[in-house]
Amino acid sequence: NAKAAGGARYAFFDASMTKGPPDQIELLRELRLAVELNQLELHYQPKIHAPTGEITGAEALLRWNHPTRGMVSPASFIPLAERSGLIIPIGRWVIEDASRQLRIWRDQGIRMRIAINLSVHQLRQPDLADRIASALRTHQINPELLTCEVTETSAMVDVDATVRVLQKLHAMGIQLSIDDFGTGHSSLAYLRSLPADELKIDRSFVLDLETNEDARKVARAVVNLAKALDRKVVAEGVETEGQNRILREFGCDQLQGYLFAKPMSAKALALWATDNVGPRTMNFRASIFKD
Ligand code: C2E
Ligand code: MG
Ligand code: MG
Ligand code: MG
């Protein structure tokens with residue numbers, strides 16, 4: 001009845017007041033378990049070379065294969081992992097698993113880069129570069145095959161420390177990418193000081209390219225800014241032929257988005273990549289691999 005439910009709700013909130021909503025606490029407990037039980041997976045989304053339409057590599061995106069909830073999106077568990085510090089062991093697992101995957105693809109004759117996402121907490125770990133180096137060494141992977149994506153916002157949290165870490169990674173030969181570029185309000189001087197190889201234009205600039213003249217102007221300015229800084233430009237979240245055409249016109253070097261393919265398992269990506277992927281076959285393939 002209503003009174004009992006009210007009472008229960010009160011007790012519920014009271015017990016967890018200091019730790020956040022109860023569903024988050026339960027989710028955190030399950031996420032800890034998931035790390036132990038190896039329920040996390042990396043899915044891969046192709047990055048397409050704009051001039052040729054060929055796949056150059058793939059971005060590794062975390063998936064939580066939950067026994068009862070199904071596939072849990074990183075948008076719902078990465079923030080929790082960041083707040084709880086669990087992102088550190090998770091991030092280490094990502095580094096290890098992506099390196100292992102690079103080795104598998106290399107042994108299969110598939111020459112592809114992998115981009116991993118690094119969180120702001122990982123950037124503050126003094127042993128980050130050593131861990132990456134050691135994973136690459138273990139699997140005998142050329143560091144140039146690994147890209148680290150860091151969001152513009154997290155690159156601004158502790159500017160000096162970030163520049164140092166990124167310089168170290170860069171010196172190792174690892175490629176660096178500034179993710180969600182254009183959303184972080186960082187200064188041009190700072191952007192110029194980051195040893196980034198590529199800037200990844202945020203999806204929000206791609207969204208209404210076809211319908212909104214102002215959006216088009218802003219997107220073009222962001223692309224031109226990236227090019228003026230002499231960085232490669234990647235556009236993320238490309239969903240339509242119209243966006244594709246406009247972004248190519250703007251001079252984007254690489255494109256990524258559902259138009260080409262959604263993130264997929266490593267096995268599915270290997271098939272996708274070895275089948276000769278050219279501009280003609282792209283839409284066809286995008287429709288096969290929709291999940
Ligand atoms: P992100 O790095 O900016 O990744 C791009 C996100 O956009 C991915 O969402 C991808 O599936 C989605 N996406 C790609 N193409 C399209 C498209 O055409 N349309 C739409 N609507 N979405 C598209 P996802 O996989 O849910 O990941 C969300 C975010 O979670 C990532 O954003 C990244 O910040 C974070 N994340 C994912 N994996 C990791 C990881 O291993 N470590 C860390 N620290 N963060 C991760
Ligand atoms: Mg990313
Ligand atoms: Mg992004
Ligand atoms: Mg984004």
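Every number for a ligand or one of its atoms is a count from 1 in the order of the listing.
Residue R69 qualifies as enclosed at atom CZ: its count of foreign heavy atoms under 6.0 Å is above 12. Other residues, nucleotides and ligands contribute over 12 non-hydrogen atoms within 6.0 Å of the NZ atom of K227.
Judged purely by distance below 3.5 Å, without hydrogens or angles, the side chains of R92 and Q122 never pair a donor atom with an acceptor atom. A donor-acceptor contact under 3.5 angstrom links the side chains of H139 and E96, judged on distance only. Side-chain polar atoms of E152 and T183 form no donor-acceptor pair below 3.5 angstrom. Side-chain polar atoms of N117 and E59 form a donor-acceptor pair below 3.5 angstrom.
Residue contact check for ligand 1: K200 places no non-hydrogen atom closer than 4.0 Å to it. Ligand 1 has at least one atom lying under 4.0 Å from a heavy atom of R63. Under a 4.0 Å heavy-atom criterion, A75 is not in contact with ligand 1.
For W272 and F260, the ring centers are positioned 6.0 Å apart or more.
Heavy-atom proximity to atom 27 (O) of ligand 1, evaluated over P74, S73, P263, is greatest for P74. Atom 2 (O) of ligand 1 has its nearest heavy-atom neighbour, among V94, I78, D179, in D179.
Note on D179: its N/O/S atom closest to the Mg ion (ligand 3) is OD1. When the N, O or S atoms of E59 are ranked by distance to the Mg ion (ligand 2), OE2 comes first. For E149, the N, O or S atom with the smallest separation from the Mg ion (ligand 2) is OE1.
For ligand 1, the polar-atom distance check against Q122 finds no nitrogen or oxygen pair separated by under 3.5 Å. Considering both main-chain and side-chain atoms, N117 comes within under 3.5 Å of ligand 1 through a nitrogen or oxygen pair. Considering backbone and side-chain atoms alike, Q256 places every N or O at 3.5 Å or more from each N or O of ligand 1. Remark: ligand 1 and L62 share an N or O pair separated by less than 3.5 Å (distance only, no angle test).
When distances to the Mg ion (ligand 3) are checked against a cut-off of 2.8 Å, D180 contributes an N, O or S atom below that limit. Distances from the Mg ion (ligand 2) show that E236 has no N/O/S atom below 2.8 Å. Taking 2.8 Å as the threshold, N117 counts as a candidate ligand of the Mg ion (ligand 2), since one of its N, O or S atoms lies below it.
Salt-bridge check for R245 with E249: passed, with a basic side-chain N closer than 4.0 Å to an acidic carboxylate O.
Distances below 4.0 Å separate heavy atoms of E239 from the following atoms of ligand 1: 17 (C), 18 (O), 19 (N), 20 (C), 21 (N). Taking every heavy atom of S119 and a limit of under 4.0 angstrom, the matching atoms of ligand 1 come to 44 (N). Within ligand 1, the atoms closer than 4.0 Å to a non-hydrogen atom of D180 are 3 (O), numbered from 1 in the order shown. Interface of G257 with ligand 1, defined as ligand atoms under 4.0 Å from a residue heavy atom, comprises 15 (N), 18 (O).
With L145 as the partner, the side-chain contact (heavy atoms from CB on, under 4.5 Å) test is satisfied by one option alone out of Q175, M112, R111: R111. Here the options are D202, V234, L199, the test is side-chain contact (heavy atoms from CB on, under 4.5 Å), and the partner is F181; only L199 passes.
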Salt bridge (charged side-chain N to carboxylate O under 4.0 Å, His left out) assessment of R103 paired with D107: CA-CA 6 Å; R103 177 57 188 256; D107 290 347; 3.1 Å; yes

K47/E198 under salt bridge (charged side-chain N to carboxylate O under 4.0 Å, His left out): CA gap, chis, key distance, verdict: CA-CA 13 Å; K47 289 172 102 163; E198 73 177 32; 2.9 Å; yes

Verdict with supporting geometry, R63 and Q39, side chain to side chain contact (heavy atoms under 4.5 Å, CB included): CA-CA 9 Å; R63 295 292 179 263; Q39 286 172 352; over 6 Å; no

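The part of E236 lying near ligand 1 is the side chain, judged by heavy-atom distances below 4.0 Å. The proximity of R203 to ligand 1, defined as any non-hydrogen pair under 4.0 Å, is limited to the side chain. Of all the heavy atoms of T151, none lies under 4.0 Å from any atom of ligand 1, so neither backbone nor side chain is involved. Residue-level proximity to ligand 1 for Q45 is carried by the side chain, the only part with a heavy atom below 4.0 angstrom.
Linking ILVMFWY residues whenever their side-chain heavy atoms come closer than 4.5 Å, directly or via other members, places Y44 and I78 in the same cluster.
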